[in-house]
Number of protein chains: 2
Amino acid sequence: MSATTGAPRSEQSILATLEDSGDTAGATAVRLMMAAADAFADKGFHATTTRDIASRAGLSPAGVYVHFSSKEDLLFQLSRRGHQTARDQLVEAAGAAASPPEALRSIIAGFSTWHAEHHQLGRIVQYEFRHLTPEHRDEVLSLRREIDKVVRGVLADGVESGDFEVDDIPSTALALLSMAVDVARWYSPEIRRTPDDIGRTNGHLAMRLVARR
Amino acid sequence: MSATTGAPRSEQSILATLEDSGDTAGATAVRLMMAAADAFADKGFHATTTRDIASRAGLSPAGVYVHFSSKEDLLFQLSRRGHQTARDQLVEAAGAAASPPEALRSIIAGFSTWHAEHHQLGRIVQYEFRHLTPEHRDEVLSLRREIDKVVRGVLADGVESGDFEVDDIPSTALALLSMAVDVARWYSPEIRRTPDDIGRTNGHLAMRLVARR
DNA sequence: TGAGACTAAGCAAGCGCTTAGTCATTCGTA
DNA sequence: TACGAATGACTAAGCGCTTGCTTAGTCTCA
C-alpha cells in the first residue's frame, strides 16, 4: 500500500474502527469523541466546555459522564487513539517499503498527509498534550517515542546501505518529523494544496535532505 | 552580525527593549508581560487565570487592569512583540548576508535559534494565536506574512543566481519555516543541544534541502 | 492638592461535575 | 407466554467553586 494514495478517511472512521486496546466504544461514545475533537481542535481544551461537547453530540450536559469519567478522560482517549493510528500508519509504511529511500519517502509522505487529513486530531495530539494528567501524559509519550524510533531506524538503515548521508541521525529525524507534524498547524481544508500534494512534496523534500549526492 | 552567535537575550530584554510602535511599556507592565508569557507558555491562555498572572508579577488581581485592558490584551501585546522581534531578526539576517546561500543559512539558523531561546514566546505566538480577537489576529497575521515573504525572497534569489534548485518555492519556504517554528514545540532548556547547536544544524539542513548539486 | 499606582472586597456569569429520577429495553422466572 | 425486576442510557436541576473584571477607596509622591 502506498502511503500517499487512498481516499481520505473521515474522523468518524478513524475513531470508530479503533476498537483495539480492549475497549470498544459505542456509537454515542464515538459521537462524543467526534464532538470533543471538533471542539478541542477549534477552541482548545480549556476553552471548550462540557456543555459545548454535549450539545454538539446532541446530549444534555450530564450525558457526557455516562461514557467518560471527565473532560480530561475524553482528551486522553482522543490523544491515545490519535497517536496509535499515526504510529500504526508509520510502521506499516516503513515495513512495506522495498528500500530505505522508498521507506523514508513513504513514511514522511504518509505522516504529512495524515497530519493534513486529520489536522484536528493532529492539533489535539500535539498541542493539547500538556493538559493531560501526568500518568496519561506518560502513556502518550511512550507512543510518541515509538514514532521517533521508526524514523531514526529508517535513517540508520539508509546510512548503512549507503543511500543516505546523515551527520546526526536524531537531529535529522526531528527535523523531518517537524516538517510533517507542523502541517497540522498550518493546514486548512480551504487551501489549494491537497493532503496528497503535501505528502508528495514533503516526501520529495525529505529525500533531498538525506540522499547521497 | 551573525545570526547564530551572540549571548542569549533574556525574555526580559526582548520585552523591555521593544519600545517601538509608539508605546513604551513601564517596568510594571514589562513584569506583567513576563509573568503572562511564563504562564501562557506553561499552561496555555485559557488555563491561565488573571490571578495567576498578577501573583507572579507580585500584584493583586486588580493590578493587572491598571496596565492592560483585558487578559486578551496581554496576549495580543505579547504576540505582536514576539512576531516583531522574530521578523526584525530575520530581515536583518537576510540583509546582512553576502549571497543567497549565506542568507538562507543565516535566516534559518537564526530563526531556529530564536525559537529555542524564546521557546515560551514562540509557543504563545504559534499556538495561542487563535485566542486573539479577529482584529488582533489580522494584525498579527500580517506580520506573519512578512516573515513568509522574506524566506520566499531568499529562495527566489538563490534560484535566479543558480545556487538553488527549488521545484516549488512556497511549499519549500513553508517546510523550512516548519523546521524552525517547530523547535518551540519540542525545545526544553534541559536537553543536550544548545539553541546555537540547533540553529547550526537546521541551517545546514536547509542548505541540503535547496542547494544545487 | 491632585494624579497615578495599587488593593480589598466582591459581583455576575460560567465552570466541571453530581444527584435524583424517568424511560425504554432486557432478563429471570413461572 | 406473561410479567415484575433489573439494567443502562439519558435528563432536569442544581451545587460549590472559580472565573474575568469592576468598584470604591488608600497610599505615595510630585
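Below, read A as the first sequence line, B as the second, and so on, with proteins coming before strands; counting in each chain starts at 1. What you see below is based on every heavy atom in this structure, not just the backbone, and it leaves out hydrogens, waters and symmetry mates.
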Quick one: is the NZ or CZ of A/Arg80 closer than 6.0 Å to the six-membered ring centre of A/Phe76, and within 45° of its axis?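 So A/Arg80 does make the cation-pi contact.
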Looking at A/Phe45, I'd like to know if the NZ or CZ of A/Arg130 sits under 6.0 Å from its six-membered ring centre while staying within 45 degrees of the ring's axis.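 Geometry flag: not set, cation outside 6.0 Å or 45°.
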May I ask you to decide if the ring planes of A/Phe111 and A/His115 are parallel, tilted or perpendicular, using 30° and 60° as cut-offs?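 Geometry flag for A/His115 against A/Phe111: perpendicular rings.
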Can you sort out which residues in residues 44-52 of chain B have a heavy atom within less than 4.0 Å of DNA chain D? Ascending by number, please. B/Thr48, B/Thr49, B/Thr50, B/Arg51
Interatomic distance where [atom1] belongs to [X] and [atom2] belongs to [N] [whole Å]:
{"X": "A/Glu72", "N": "C/dG16", "atom1": "CD", "atom2": "P", "result": "13 Å"}
{"X": "A/Leu32", "N": "D/dA9", "atom1": "CG", "atom2": "P", "result": "12 Å"}
{"X": "A/Lys71", "N": "C/dG14", "atom1": "NZ", "atom2": "P", "result": "16 Å"}
{"X": "A/Leu74", "N": "C/dG16", "atom1": "CG", "atom2": "C1'", "result": "13 Å"}

Minimum-distance nucleotide (side-chain atoms of B/Ala62 versus D/dC21, C/dT18, C/dA8): C/dA8
Measure from the side chain of B/Leu59, starting at C-beta and using heavy atoms only, and say which of C/dC17, D/dC21, C/dT7 lies closest. C/dT7
Of all residues at least two apart in sequence or in a different chain, which pass the salt bridge (Lys or Arg N to Asp or Glu O under 4.0 Å) check with A/Arg31? none
When you compare the side chain of B/Asp52 with that of B/Thr48, does any pair of heavy atoms fall below 4.5 Å?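 Of all side-chain heavy-atom pairs linking B/Asp52 with B/Thr48, at least one is under 4.5 Å.
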Indicate whether OP1 or OP2 belonging to D/dA9 is found under 4.0 Å from a side-chain N or O atom of A/Thr28. no
Distance only, no hydrogens: is a donor on one side chain within 3.5 Å (strictly under) of an acceptor on the other, for A/Asp73 and A/Gln77? yes
